[in-house]
Amino acid sequence: MDDCQFKVSRVALVGSGAVGASYAFALLNQGITSELVIIDRNFQKAEGDAMDLNHGLPFSPLSKIWAGDYEDCGEADIVVITAGAGQAPGETRMDLINKNSRIFKDIIASVMNSGFKGIFVIATNPVDVLTYVTWKYSGLPASRVIGSGTILDTARLRFLLGQEFDVDSRNVHAYIMGEHGDTELPVWSNANIAGLSLMEYKAQHNNPTDERLEEIFVQVRDAAYHIIERKGATYYGIAMGLARLTKAILNNENSVFSVSALLDSEYGLDDVYIGVPAIINRDGIREVLKLNLSDTEQEKLHHSATVLKKAIASLDL
Ligand code: NAD
């Protein structure tokens, strides 16, 4: 009999703030892992969340949740990092680079000292840069260091397109690629509704116009600013995206998500973590999908990569 059948899955969450706690709740609700250990600089917050979440165990298939320490990462399949500062109103994600990269140096060292051999999933911003930082500091193969990338932006795009066409957003296939931030881009050339290309749909319906598509993209790109203005932070959407990604890894799904992946000549780029559609399974990133981009999309992706490379170069790695 296959030994793997009896392996207890463990997720270690580092950072139990708004994003981390919402992610923990999503894991519990959906019964995605057997064990969840919560680590936070503020131990009381981790402990309070663990106590609170434990009271949901009778309604969930999870078996164990506790507030722990980095030693607990040694047995973890996935370490998810949501620790660090978030954007204040008016701040860009890139503004967080110095604060959060300093925090990451210590976190990654502590995780690796535990003997961790699993997969990192990073959500802290600026996520593409911090995923690169994690890859460098951990020494793990790039396939086992995944950033949440444009998972959330892609979900926002699919939601808005679903509303626009009055079609279930799960039947809308469209990606946001590039930086999770101001230089991201919509890949209209490959967007489709259940196989019917967006361009063909536009031709058939005389709608949506290019101006309307641009409006939708701007809504996606600037969504975080609008939510932060209203409630100080965004967390439910990304928490659901992280939970979905965790499930795809643990269940060896070979599902496609627009994660932040290290490029190695794909799209004519290398040595940069950036949002691209990729196949995800139990080994992490199996393959980056090479979409046939339009010239404008290719240019925008390169611009986004240039901004990210500049940000990475500003750090002393
Ligand atoms: P938050 O302030 O609510 O939570 C951050 C948590 O990290 C706190 O509990 C804090 O105690 C903990 N922390 C800070 N330094 C730590 C350290 N050195 N070790 C352990 N824990 C530490 O912030 P939030 O709203 O949960 O956001 C967290 C991060 O997620 C931010 O960087 C934010 O920009 C990012 N975010 C990313 C996405 C995405 O799509 N990738 C979406 C939303 C938010």
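We count ligands from 1, going down the list as the structure has it; atoms in each ligand are counted the same way. One-based numbering along the sequence shown. The analysis underlying the following values was restricted to heavy atoms, covering all of them including side chains, and did not include hydrogens, waters or symmetry mates.
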Colleague: If the cut-off is 4.0 Å to any non-hydrogen atom of Ala85, which atoms of ligand 1 fall inside it?
Modeller: 31 (C), 32 (O)
Colleague: Show your reasoning for whether ring pair (Phe, Tyr, Trp, His ring centres under 6.0 Å) applies to Phe104 and Tyr137.
Modeller: CA-CA 9 Å; Phe104 263 54; Tyr137 286 152; 8.7 Å; no
Colleague: Check this for me, if you would: do Lys309 and Asp270 make a salt bridge, where the nitrogen-to-carboxylate-oxygen distance has to be below 4.0 angstrom?
Modeller: yes
Colleague: Examine Asn125 against ligand 1 and note whether any of their N/O atoms are separated by less than 3.5 Å.
Modeller: yes
Colleague: Of all the non-hydrogen atoms in the protein, which one sits nearest to atom 37 (C) of ligand 1, and at what distance?
Modeller: Ala123 O, 3.0 Å
Colleague: Using a 4.0 Å heavy-atom cut-off, which part of Ile238 comes near ligand 1: side chain, backbone, both, or neither?
Modeller: side chain
Colleague: Report yes if the side chains of Met177 and Leu293 come closer than 4.5 Å at any heavy-atom pair, otherwise no.
Modeller: yes
Colleague: Within a distance under 4.0 Å of any heavy atom of Asn100, pick out the atoms of ligand 1 and give their elements.
Modeller: 32 (O)
Colleague: Considering the heavy atoms of Thr234, write down every atom of ligand 1 situated less than 4.0 Å from one of them.
Modeller: 42 (C), 43 (C), 44 (C)
Colleague: Quick one: do the Thr131 and Ser260 side chains pair a donor with an acceptor below 3.5 Å?
Modeller: no
Colleague: Below 4.0 Å, non-hydrogen atoms only: which portion of Ser148 touches ligand 1? Side chain, backbone, both or neither.
Modeller: side chain
Colleague: Does His180 have a heavy atom less than 4.0 Å from any atom of ligand 1?
Modeller: yes
Colleague: In terms of side-chain heavy atoms, does Asp128 have a donor or acceptor partner in His180 at a distance below 3.5 Å?
Modeller: no
Colleague: List the closest protein heavy-atom neighbour of atom 2 (O) of ligand 1: residue, atom name, distance to the nearest 0.1 Å.
Modeller: Gly84 O, 4.1 Å
Colleague: Could you tell me, atom by atom, which parts of ligand 1 come under 4.0 Å of a heavy atom of Val19?
Modeller: 24 (P), 25 (O), 26 (O), 27 (O), 30 (O), 43 (C), 44 (C)
Colleague: Looking at Ile103, which atoms of ligand 1 are within less than 4.0 Å of one of its heavy atoms?
Modeller: 15 (N), 17 (C), 18 (N)
Colleague: Measure the spacing between CD of Glu35 and CG of Asp72 and express it to the nearest 0.5 Å.
Modeller: 9.0 Å
Colleague: What distance separates Leu96 CG from Gln87 CD, expressed to the nearest 0.5 Å?
Modeller: 6.0 Å
Colleague: Determine, for Lys300 against Glu297, whether the closest basic-nitrogen to carboxylate-oxygen distance falls under 4.0 angstrom.
Modeller: no
Colleague: Pairing donors with acceptors under 3.5 angstrom, does anything connect the side chains of Tyr235 and Thr82?
Modeller: no
Colleague: Just distances here: any N/O of Ile39 and N/O of ligand 1 closer than 3.5 Å?
Modeller: no
Colleague: N/O of Leu96 under 3.5 Å from N/O of ligand 1, yes or no?
Modeller: no
Colleague: Any nitrogen or oxygen of Lys45, side chain or backbone, less than 3.5 Å from one on ligand 1?
Modeller: no
Colleague: Give me the residue, atom name and distance of the protein heavy atom closest to atom 10 (C) of ligand 1.
Modeller: Asp40 OD1, 3.4 Å
Colleague: Side-chain contact test, heavy atoms from C-beta onward, threshold under 4.5 Å: evaluate it for Val11 versus Tyr23 and give yes or no.
Modeller: yes
Colleague: Which one of Leu152, Thr82, Ile107, Ile151 has a non-hydrogen atom at the shortest distance from atom 28 (C) of ligand 1?
Modeller: Thr82
Colleague: What is the closest protein heavy atom to atom 4 (O) of ligand 1, and at what distance does it sit?
Modeller: Gly17 CA, 3.1 Å
Colleague: Measure the distance from atom 21 (N) of ligand 1 to every protein heavy atom, then report the residue, atom name and distance (to 0.1 Å) of the closest one.
Modeller: Arg41 N, 3.1 Å
Colleague: Quick check on Phe25: does its CZ atom have over 12 non-hydrogen neighbours (other residues, nucleotides or ligands) under 6.0 Å away?
Modeller: no
Colleague: Can you tell me how the ring of Tyr201 sits relative to the ring of His205, calling it parallel under 30°, perpendicular over 60° and tilted otherwise?
Modeller: parallel
Colleague: Does an N or O anywhere in Ala18 fall below 3.5 Å from an N or O of ligand 1?
Modeller: yes
